[in-house]
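All remarks here apply to the structure that follows.
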Amino acid sequence: QVQFVESGGGLVQPGGSLRLSCAASGFTKDYVAIGWFRQAPGKGREGVSCISTIDGSTYYGNSVRGRFTISRDNAKKTVYLQMSNLFLEDTAVYYCATDDTVQCGSSWTILFRSGSWGQGTQVTVSS
């Protein structure tokens with residue numbers, strides 16, 4: 001059974017940075033695509049970024065492109081989300097997810113919703 005443990009969230013001021021980690025286990029395949037989603041209070045889940053761990057190809061949501069960077073360490077089975085120049089509206093619970101496919105694909109934000117999810121880590125951007 002796929003399991004994710006997210007960590008690295010916290011309180012940060014606008015313009016600050018955080019690095020989230022997503023430690024994965026239980027995969028039946030050597031390489032899968034892993035995505036980051038977030039959910040702000042009173043809003044639906046938003047796809048933030050996705051990485052295909054087999055080749056490192058990436059996707060970013062429009063609201064984070066240029067500020068967030070996703071990466072992976074296959075040996076540690078961990079995916080990272082480096083978040084820079086944080087805005088107040090980045091406040092949300094951030095989750096890892098996968099639908100056990102190898103590549104993210106252009107529809108990952110839809111397909112991953114029915115896959116495996118972690119418990120999330122809270123990111124609060126506040127002055």
Side-chain angles (χ1 to χ4, degrees):
Q1 182 175 350
V2 174
Q3 290 188 324
F4 293 115
V5 177
E6 300 98 332
S7 62
L11 175 64
V12 63
Q13 292 186 338
S17 299
L18 278 176
R19 189 178 80 155
L20 305 183
S21 299
C22 171
S25 63
F27 287 112
T28 58
K29 300 175 182 176
D30 290 335
Y31 298 98
V32 296
I34 296 175
W36 283 97
F37 286 77
R38 66 186 181 186
Q39 187 166 20
K43 296 187 177 181
R45 289 189 177 180
E46 173 191 8
V48 174
S49 184
C50 184
I51 188 166
S52 302
T53 59
I54 193 169
D55 60 8
S57 58
T58 58
Y59 286 80
Y60 292 96
N62 290 333
S63 61
V64 306
R65 188 174 292 112
R67 300 188 297 122
F68 291 10
T69 302
I70 193 170
S71 61
R72 89 288 194 199
D73 184 330
N74 288 340
K76 295 182 178 179
K77 296 184 179 180
T78 299
V79 170
Y80 304 98
L81 186 68
Q82 178 68 48
M83 307 186 296
S84 302
N85 190 21
L86 284 161
F87 301 157
L88 296 174
E89 50 265 39
D90 293 318
T91 295
V93 179
Y94 284 71
Y95 301 89
C96 287
T98 186
D99 70 345
D100 208 30
T101 57
V102 176
Q103 296 283 353
C104 296
S106 59
S107 301
W108 71 273
T109 60
I110 298 172
L111 297 176
F112 282 25
R113 292 175 189 272
S114 59
S116 302
W117 288 71
Q119 293 301 306
T121 184
Q122 175 70 49
V123 172
T124 302
V125 184
S126 175
S127 56

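Count residues from 1 along the sequence. Values in this document were obtained by computation on a predicted structure and should not be read as measured data.
For the residue pair S116 and T98, no side-chain donor N or O sits within less than 3.5 Å of a side-chain acceptor on the partner. There is a side-chain donor-acceptor pair under 3.5 Å between R38 and S63.
Two residues are said to be in side-chain contact when any heavy atoms from C-beta on lie closer than 4.5 Å; L20 and S7 fail this criterion. Using a 4.5 Å heavy-atom cutoff, the side chains of D90 and R67 are in contact. Residues W117 and R45 meet the side-chain proximity criterion, which asks for heavy atoms closer than 4.5 Å. The closest side-chain heavy-atom distance from D99 to S114 is not below 4.5 Å.
Side-chain N or O atoms of Q39 include none that pairs as donor or acceptor with a backbone N or O of Y94 at under 3.5 Å. A donor-acceptor contact shorter than 3.5 Å links the side chain of T91 to the backbone of V125. A donor-acceptor pair under 3.5 Å links the side-chain atoms of T101 to the main chain of Q103, judged by distance alone.
Summarising the geometry of I34 relative to A24, their closest heavy-atom pair is CD1-CB, 4.3 Å, with the distance given to 0.1 Å. Taking every heavy atom of both residues into account, K29 and D100 meet most closely at NZ-O, 2.6 Å. For the pair G35 and F112, the tightest heavy-atom approach, listed with the atom from each and the gap, is N-CE2, 3.6 Å. Taking each heavy atom of S49 and L81 in turn, the nearest pair found is CB-CD1, 4.1 Å. Taking all atoms of both residues into account, the shortest heavy-atom contact from C104 to S52 is N-OG, 3.0 Å. The two residues Y95 and E6 make their nearest non-hydrogen contact at CA-OE2, 3.4 Å.
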Only distances under 3.5 Å count here; give the side-chain donor-acceptor pairs of residues 12-19 to other protein atoms, sequence neighbours excluded, each with its distance to 0.1 Å.
none

Side-chain atoms of residues 69-79: list all donor-acceptor pairs with protein atoms under 3.5 Å, sequence neighbours left out, distances to 0.1 Å.
residue	atom	partner	partner atom	Å
R72	NE	T53	O	3.3
R72	NH2	T53	O	3.3
D73	OD1	A75	N	3.1
D73	OD1	K76	N	3.2
N74	ND2	T53	O	3.1
T78	OG1	K76	O	2.9

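Going from atom CD of Q82 over to atom OG of S21 covers 9.5 Å, rounded to the nearest 0.5 Å. Taking CH2 of W108 as the reference point, atom CD1 of I51 lies at 11.5 Å (rounded to 0.5 Å).
F27 and L111 fall into different hydrophobic clusters, defined by Ile, Leu, Val, Met, Phe, Trp and Tyr side-chain heavy atoms under 4.5 Å apart, directly or through other members. Under the 4.5 Å side-chain contact rule for hydrophobic residues, V123 and V93 do not share a cluster. A continuous path of ILVMFWY side-chain contacts below 4.5 Å connects L88 to V64, so both sit in one hydrophobic cluster.
The number of heavy-atom neighbours closer than 6.0 Å to CD of Q119, taken from other residues, nucleotides and ligands shown, is 12 or below.
For R113 and F37, the positive end is not near the middle of the six-membered ring at less than 6.0 Å and at most 45° from its axis.
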| Derivation and outcome, side chain to side chain contact (heavy atoms under 4.5 Å, CB included), residues N85 and F68 | CA-CA 9 Å; N85 190 21; F68 291 10; over 6 Å; no

| task | Dump the intermediate steps for side chain to side chain contact (heavy atoms under 4.5 Å, CB included) on C22 and W36, then the final yes or no. | result | CA-CA 9 Å; C22 171; W36 283 97; 3.5 Å; yes

